[in-house]
Every structure is written in C-alpha cells, then in structure tokens.
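Read the numbers this way: they start at 1 and go in the same order the structure lists the ligands and their atoms. Hydrogens, waters and symmetry mates play no part in the numbers below; they use all other heavy atoms, side chains included.
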Amino acid sequence: RVLDGDGNVLVPGIVDCHIHNREPGLEYKEDWESATRAAAAGGVTTVVGMPNTDPVIDRPEHLELKFDRGEASAHVDFQSYAVVTSENLDLIPELDATGALGFKIFLGSTVGDVPPPSDGKILEAMEEIRETGKRLGFHEENGEIIDHYTERFKAEGRNEPIDHSHSRPVIAEQEAVERMITFAEETGTKIHMFHVSSGSAAEAVARGKDRGVDVTAETTPHYLWFTEDVMREKGNVARVQPPIRDAAERDELWRVGIDNGAIDCIATDHAPHTAEEKKVDDPFGNTWDAISGFVGLETEVPAMLSFVDQGRFTLEEWVRRHSARPAQVWGMYPQKGSLQVGTDADFTIVDPDREWTLEDRRDLHSKNCVTPFEGESFTGKAVATVVRGEPVFEDGAVVGESGYGTRVDVD
Ligand code: NCD
Ligand code: ZN
Ligand code: ZN
C-alpha cells in the first residue's frame with residue numbers, strides 16, 4: 001500500500017456523486033470549469049452535478065445543455081441527475097434516454113426553484129423510474145414540518161443561526177426517509193438518500209435495508225466533522241440544508257452510518273455561493289435570509305484522511321465509500337471506482353501524513369470558496385489526480401486542458 005519512498009498511497013479515483021456545479025445559469029457562483037478544477041485539486045476524478053440550476057434540469061434539452069457545457073470545459077469526468085417535479089413525470093423515459101445518471105426529487109424547499117411533487121406524484125414517478133432501471137435520490141427533508149417551524153421561529157423573533165438548524169429538525173429528515181422507504185417498498189424502485197445528516201435518519205435507512213428495500217445513503221464530511229456548536233462559532237458560514245446536528249446525532253451517525261454500515265457513500269454536497277449570499281461580513285445578523293450550502297471539493301479527501309489518521313476508518317473502508325461504492329450505487333462501476341488492469345484507469349495519489357491547515361479560503365480553486373472548514377487542520381491531502389491515464393493535478397497545480405473531462409456513459 002505504500003507507493004513510493006515518500007509514503008504516498010495510490011487509490012482508485014475518488015467519485016463525488018453530489019456537487020452543485022451551478023451551470024447552466026448560475027455561473028456567478030460556479031461553473032463546470034471551476035467546479036472540476038476544484039475537483040482535480042481535491043483528488044476527485046468523477047463528479048455528478050445536481051439539477052437545481054437555471055433552468056432546472058427537468059427536460060431533455062436542459063440535460064443536453066448541461067452535458068454540452070461540461071464537455072466544453074470540464075477537467076475531470078462528470079455526470080448529471082435529472083430532477084422530477086410535479087410537471088415532468090411524462091418526460092422520465094426521455095430523460096433516461098438522454099443519458100441522465102439518475103433522478104432527483106427535492107422533498108422540502110431548498111436552494112433554487114424546485115417545489116416538491118405531491119406524495120401521489122412521487123409514487124407515480126417511482127413507478128416510471130423503476131422501469132428505467134435507474135435510481136431515484138432525495139433531498140430528504142419534510143418541507144411541511146420545516147415551513148411550520150420556520151414560520152413559528154420567525155414570528156417568535158428567534159434569529160440566531162443556531163435556530164435555523166432547529167427550524168429544520170431531525171424529525172423532518174427522519175420522517176422523509178421513512179416515508180420514501182415505504183413508497184419504495186410498495187413500488188420496487190431503487191432509492192438513495194442524499195446528504196444524511198443525523199443518526200436518526202441513518203437508523204431509518206438501516207431499518208429500510210433490513211426490510212429488503214434497495215435504499216442506499218450518503219453522508220458528507222461536514223456532518224461527521226462538526227457539531228451544531230459550529231453555528232455559534234461561524235454562524236451563516238456553516239449554514240447548510242440539512243443542518244449540522246448536535247453531538248448525540250453526530251455520534252449516532254458515526255455508529256449506525258459508518259461503523260454499522262447504513263451509509264454507503266461519502267460525497268461533498270459542494271454548494272458554492274458568493275460571500276455576499278453567505279453573509280460572511282455579518283455571520284450572526286439577520287440570518288433568516290442567508291443562503292445554505294458551502295464548498296467542499298478540496299477538503300473532502302483531507303477530512304476523510306484525517307478520520308483515517310484518527311483511526312475512525314481504515315483506508316480501505318474510506319476508499320470503498322468514496323470510490324467503488326458510489327460508482328456501484330449510480331451504475332458507473334467498474335468504468336469508475338476501480339483500478340482495472342489494462343484500461344486507462346482513474347486514480348488519486350494521497351499523502352496520508354501531510355499536515356496542513358486551510359489558512360485562507362482564497363487558496364481554493366472554486367469561484368466562491370466560503371466554507372466552515374476554513375481554519376481547520378488536516379492530516380492527509382491529495383498530491384496527484386489522474387483521469388483516464390492523464391494527470392489533471394500534480395505538484396500542487398491543476399494541469400491538463402479544460403474540456404478533457406467527459407461525460408460518463410451509462411446504459
Ligand atoms: C444546496 C445548494 O446550495 O444548492 N444547499 C445546501 O444547503 N445543501 C441545496 C441542496 O443540496 O439541497
Ligand atoms: Zn439537498
Ligand atoms: Zn446538495
């Protein structure tokens with residue numbers, strides 16, 4: 001496992017199936033070029049873009065536009081989900097034929113204009129998606145519960161950032177996970193829970209797996225690293241949906257999700273916004289209209305390697321959840337997520353002992369780099385990123401051509 005005299009280790013290319021590349025339409029936040037530049041610099045060889053762009057990726061033409069933009073400018077290989085709304089159920093077969101990696105439903109309101117479909121429409125959508133053989137992933141928060149508490153907390157004049165996380169309570173996440181598992185049990189559809197933030201939701205996933213439902217789940221480095229104390233320290237900078245939870249939920253996420261295996265995949269939920277939108281100059285004031293989400297592509301490998309260093313994961317368990325498993329979950333394996341002999345494989349070289357601190361977010365490669373990981377120290381870093389045999393990052397620099405990255409073809 002030691003690759004060279006410096007103690008670097010070669011692992012299969014890291015696969016991140018949850019990024020917001022923001023193109024088309026929100027290029028003031030990020031675009032394919034800048035997102036995949038950050039991916040290359042972070043040791044990530046494949047990324048999958050979320051559909052809450054402008055326009056949203058709800059029609060074949062929009063998906064084609066997103067693919068074309070990626071072909072023109074990406075540094076690493078990529079894919080995209082198509083969104084299902086109450087308006088586009090009839091387009092599911094065509095979105096499948098156009099090459100979407102999978103489908104996504106936003107259950108609660110989040111960033112972007114994608115109102116959730118009714119439960120009846122979700123059941124119908126699941127039947128359509130089952131026929132495509134692809135997987136349906138969820139932004140797994142019950143919007144009704146969130147809207148209720150948000151209105152109540154606003155009326156009570158509570159506006160500390162910490163209350164924002166309580167206005168999106170764990171029960172909203174747990175209930176959504178349980179309801180979608182019940183729907184999937186009924187329809188026989190393969191489902192996925194994006195960005196699971198709490199032990200309670202991870203337990204719901206574990207119960208679904210026990211019942212034989214094909215439910216997979218993901219968590220992110222920030223839910224494993226931080227507790228809600230970070231809201232008191234960093235305010236809006238750390239605001240994200242679902243919110244960062246208390247220590248009990250975080251510890252249970254580790255126990256049930258990681259140690260007992262309910263969580264299949266690690267991803268970032270890389271979600272760039274401008275410093276103005278994140279209100280970095282006033283992180284504790286007027287918080288209800290601050291936006292949620294932050295970047296992660298260049299801190300995910302360091303965060304996970306730090307957990308390996310702390311003995312929370314073995315190197316193998318980390319790599320499985322951050323490469324092979326996400327590729328399998330989304331039908332890209334072994335094209336992605338493996339080191340196949342005889343092919344131009346994707347791989348990442350990491351230095352597991354490299355100590356470093358993210359002193360200044362402006363050292364990152366995204367267009368907008370606000371992240372609660374600014375100021376955090378890590379043990380471990382990607383030192384080279386290789387996509388289909390070609391280096392895209394080495395010696396601390398992004399190398400190679402914008403546009404080299406290509407769409408991952410799936411049946
Ligand atoms: C995401 C974004 O900014 O697009 N924000 C977030 O807080 N996670 C939206 C999302 O993932 O639901
Ligand atoms: Zn989401
Ligand atoms: Zn997201």
Side-chain angles (χ1 to χ4, degrees), residues 16-31 35 47-57 66 79-81 83-85 101-116 136-143 146 150 161 164-165 167-168 172-173 176-177 180 191-198 201 217-223 226 228 230-231 234-245 265-279 287-297 300 326 330 366-373:
D16 187 338
C17 292
H18 187 158
I19 74 154
H20 297 267
N21 65 287
R22 307 297 192 203
E23 189 172 2
L26 301 171
E27 290 86 354
Y28 74 96
K29 295 178 194 269
E30 188 81 303
D31 58 28
V47 293
V48 186
M50 281 295 170
N52 58 335
T53 46
D54 183 14
V56 294
I57 309 304
K66 185 161 180 179
Q79 249 292 355
S80 175
Y81 302 107
V83 74
V84 177
T85 67
L101 185 66
F103 294 88
K104 165 121 192 216
I105 288 180
F106 291 86
L107 289 178
S109 62
T110 176
V111 178
D113 187 18
V114 271
L136 168 61
F138 293 94
H139 178 104
E140 76 302 7
E141 289 185 295
N142 177 319
I146 288 166
T150 300
H164 174 82
S165 65
S167 71
R168 304 182 80 97
E173 183 180 34
V177 171
M180 290 308 112
I191 61 166
H192 181 77
M193 298 302 158
F194 290 115
H195 51 37
V196 168
S197 68
S198 61
E218 157 198 303
T219 193
T220 72
H222 47 271
Y223 299 124
F226 296 111
E228 66 180 3
V230 73
M231 300 304 292
K234 302 189 179 181
N236 294 319
V237 166
R239 175 176 289 204
V240 64
Q241 297 170 358
I244 291 167
R245 306 296 187 185
C265 313
I266 305 294
T268 48
D269 192 10
H270 176 86
H273 298 290
T274 66
E276 292 71 36
E277 288 172 317
K278 288 297 289 176
K279 299 194 187 291
T287 58
W288 288 102
D289 62 346
I291 208 157
S292 293
F294 43 76
V295 297
L297 278 164
E300 65 177 323
W330 294 105
S366 282
K367 274 193 195 177
N368 291 285
C369 299
V370 177
T371 167
F373 283 101

Practice task
Please check if the distance between the ring centroids of F106 and F138 is under 6.0 Å.
Solution key: no
Exercise for the section: Indicate yes or no for a side-chain donor-acceptor contact from K278 to the backbone of R239 under 3.5 Å, with no hydrogens or angles considered. Expected result: yes
Completion exercise
Correct closest heavy-atom pair for E228 and I244 would be CB-O, 3.6 Å
Exercise for the section: Run the numbers for me: atoms of ligand 1, each under 4.0 Å from some heavy atom of H195, listed by number. Expected result: 11 (O), 12 (O)
Practice task
Pull out every atom of ligand 1 sitting under 4.0 Å from any heavy atom of H273, numbered as shown with elements.
Solution key: 3 (O)
Practice task
Give the contacting part of I291 toward ligand 1: side chain, backbone, both or neither, where contact means a heavy-atom distance below 4.0 Å.
Solution key: neither
Practice task
Answer side chain, backbone, both or neither: which part of V240 comes under 4.0 Å from ligand 1, heavy atoms only.
Solution key: both
Practice task
May I ask you to decide whether D31 forms a salt bridge with R22, counting only side-chain N to carboxylate O separations under 4.0 Å?
Solution key: no
Handout entry: Option set H18, R239, H139, criterion heavy-atom distance to atom 12 (O) of ligand 1, minimum
Key = H139
Completion exercise
Of all heavy-atom pairs linking P242 and S197, the shortest is CB-OG, 3.5 Å
Problem - Nearest heavy-atom neighbours spanning T53 and L26 - result: CA-CD1, 4.1 Å
Handout entry: Salt-bridge contact R168-E141 (side-chain N to carboxylate O under 4.0 Å)
Key = yes
Exercise for the section: Identify the protein heavy atom lying closest to atom 5 (N) of ligand 1, giving its residue, its atom name and the separation to 0.1 Å. Expected result: S292 O, 3.3 Å
Exercise for the section: Report yes if some N/O of K104 lies less than 3.5 Å from some N/O of ligand 1; otherwise report no. Expected result: no
Fill in the blank from the handout: When every non-hydrogen atom of I57 is compared with those of S80, the smallest separation belongs to CG2-OG, 4.4 Å
Problem - Shortest protein heavy-atom distance from atom 9 (C) of ligand 1, along with the residue and atom involved - result: T110 OG1, 3.3 Å
Practice task
Examine H222 together with F294 and report whether their ring centres are nearer than 6.0 Å.
Solution key: yes
Exercise for the section: Run the contact test for R22 against ligand 1 with a 4.0 Å cut-off on heavy atoms, strictly below, and give the result. Expected result: yes
Completion exercise
Among non-hydrogen protein atoms, atom 1 (C) of ligand 1 lies closest to H20 NE2, 3.6 Å
Exercise for the section: Answer yes when E277 and K29 have at least one side-chain N-carboxylate O distance shorter than 4.0 Å, and no when they do not. Expected result: yes
Completion exercise
Listed as residue and atom, the protein N/O/S atoms under 2.8 Å from the Zn ion (ligand 3) are H18 NE2, H20 NE2, D269 OD1
Completion exercise
The answer for which part of Q241 has a heavy atom under 4.0 Å from ligand 1 is both
Practice task
Please round to the nearest 0.5 Å and tell me the distance separating atom NZ of K104 and atom OG1 of T85.
Solution key: 14.0 Å
Exercise for the section: Looking only at protein heavy atoms, identify the closest one to atom 8 (N) of ligand 1 and say how far it is in Å. Expected result: D269 OD2, 2.8 Å
Handout entry: ring pair (Phe, Tyr, Trp, His ring centres under 6.0 Å) against H18, all qualifying residues, sequence neighbours excluded
Key = H20, F194, H195
